[in-house]
Number of protein chains: 2
Amino acid sequence: MSNLRELPILETAATAPCCAPLAREPLTVPDAERLAVMFKALGDPVRLRLFSMVASHEGGEACVCDIQDVGVSQPTVSHHLKKLREAGLVTSERRGTWVFYKVVPEVTASLAGLLGQEG
Amino acid sequence: MSNLRELPILETAATAPCCAPLAREPLTVPDAERLAVMFKALGDPVRLRLFSMVASHEGGEACVCDIQDVGVSQPTVSHHLKKLREAGLVTSERRGTWVFYKVVPEVTASLAGLLGQEG
DNA sequence: CATCAATATTGACAGCCGTCGATTCCGGGG
DNA sequence: CCCCGGAATCGACGGCTGTCAATATTGATG
């Protein structure tokens with residue numbers, strides 16, 4: 001029932017930042033598949049806004065009720081947050097009536113390093 | 001006919017790196033829409049591999065013939081490269097029979113800064 | 001000009017995806 | 001125990017998207 005925990009992507013990607021910068025060597029097929037899931041998760045305007053709202057919120061964490069006003073219905077917001085969670089970009093935690101989402105800094109930093117200014 | 005030049009996204013995003021780091025403040029709707037196009041472009045495994053192959057190629061530039069072997073048909077490769085171009089992530093240039101793609105470093109660096117290690 | 005090699009475009013099609021309304025699940029109070 | 005509010009799930013639907021085969025375009029070369 002309560003599958004608040006998700007996929008192995010997080011374990012793999014978070015623990016091992018995954019890959020060398022894109023400018024250094026081509027991605028392997030498996031790496032490309034795992035990373036594409038994350039980029040795809042950020043590839044929707046609403047989801048990107050939700051992610052930025054969580055990331056910029058006090059302590060890098062926000063209650064759903066704080067970020068719900070993005071112009072789509074409540075089920076859609078929930079759907080998008082689930083996608084972000086499945087991609088390993090955020091985690092969720094229930095506290096009483098509310099559910100709080102927070103960013104996974106290692107993963108986003110890893111993505112940044114992938115694109116980042118090379119040497 | 002020859003619309004090798006594309007959308008204003010590049011002009012806007014490349015010239016002005018766009019936004020503060022995601023962890024600092026929420027994206028505006030227009031910013032989110034423009035950025036989502038780029039993330040979406042990287043959100044396909046084949047496209048991500050193509051991008052990494054271009055980025056890691058000698059001089060950050062590659063002939064289509066050099067990166068064509070990604071397991072999909074030639075038209076599909078062409079289609080994906082067009083998407084990357086439309087997203088402002090790469091530019092293309094014809095030299096004789098061949099077409100060369102190169103990354104737009106300012107844009108990718110801008111994306112990296114967006115996700116980057118915050119203060 | 002005819003032909004060939006390298007890319008791009010077109011048209012078609014199946015599957016995915018964002019969206020919603022309705023419903024369900026989960027905790028907290030009366 | 002019942003009800004209420006916050007959030008997730010379900011089912012449906014239209015539009016987008018990745019893919020291919022076929023064809024067109026473009027430039028080099030004989």
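Below, chains carry the letters A, B, ... as their sequence lines are ordered, and counting in each starts from 1.
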Check whether any side-chain N or O of B/K40 sits under 4.0 Å from OP1 or OP2 of C/dC17, and answer yes or no. no
Could you please name the option among C/dA6, D/dA8, C/dT19 that lies closest to any side-chain atom of B/W98? C/dA6
Verify the contact: side-chain N or O of B/T97 to OP1 or OP2 of D/dG27, cut-off strictly under 4.0 Å; return yes or no. no
Report which part of the nucleic acid A/Y101 touches: base, sugar-phosphate, or nothing (heavy-atom distance under 4.0 Å, all strands). sugar-phosphate
Can you check whether A/S73 has a side-chain N or O nearer than 4.0 Å to OP1 or OP2 of C/dC20? yes
With a non-hydrogen cut-off below 4.0 angstrom, is B/H79 in contact with a base, only sugar-phosphate, or nothing? base
Is B/R95 touching bases, backbone alone, or none of the nucleic acid, heavy atoms closer than 4.0 Å? nothing
Walk me through whether A/L35 and B/L48 qualify under side-chain contact (heavy atoms from CB on, under 4.5 Å). CA-CA 8 Å; A/L35 290 168; B/L48 189 52; 3.6 Å; yes
With a cut-off of less than 4.0 Å, is there a side-chain N or O of B/T76 near OP1 or OP2 of D/dC20? yes
Run the side-chain contact (heavy atoms from CB on, under 4.5 Å) check on A/R94 and A/F100 step by step: do they pass? CA-CA 6 Å; A/R94 173 153 225 147; A/F100 290 78; over 6 Å; no
Could you check which of D/dT19, D/dA7, C/dA8 has an atom nearest any side-chain atom of B/V64? C/dA8
Indicate whether OP1 or OP2 belonging to C/dG18 is found under 4.0 Å from a side-chain N or O atom of A/K83. yes
Shortest side-chain distance from A/R94, nucleotide among D/dT9, D/dG6, C/dT19: D/dG6
Can a donor-acceptor pair under 3.5 Å be found between the side-chain atoms of A/Q68 and the base atoms of D/dA7? no
Counting only side-chain heavy atoms from C-beta out, which of C/dT7, D/dG18, D/dC10 sits nearest to A/P75? D/dC10
Checking contacts here: which listed nucleotide (D/dA7, D/dC10, C/dA6) is nearest the side-chain heavy atoms of A/Q74? D/dA7
A/R49/B/E33 salt bridge by N-O under 4.0 Å criterion: no
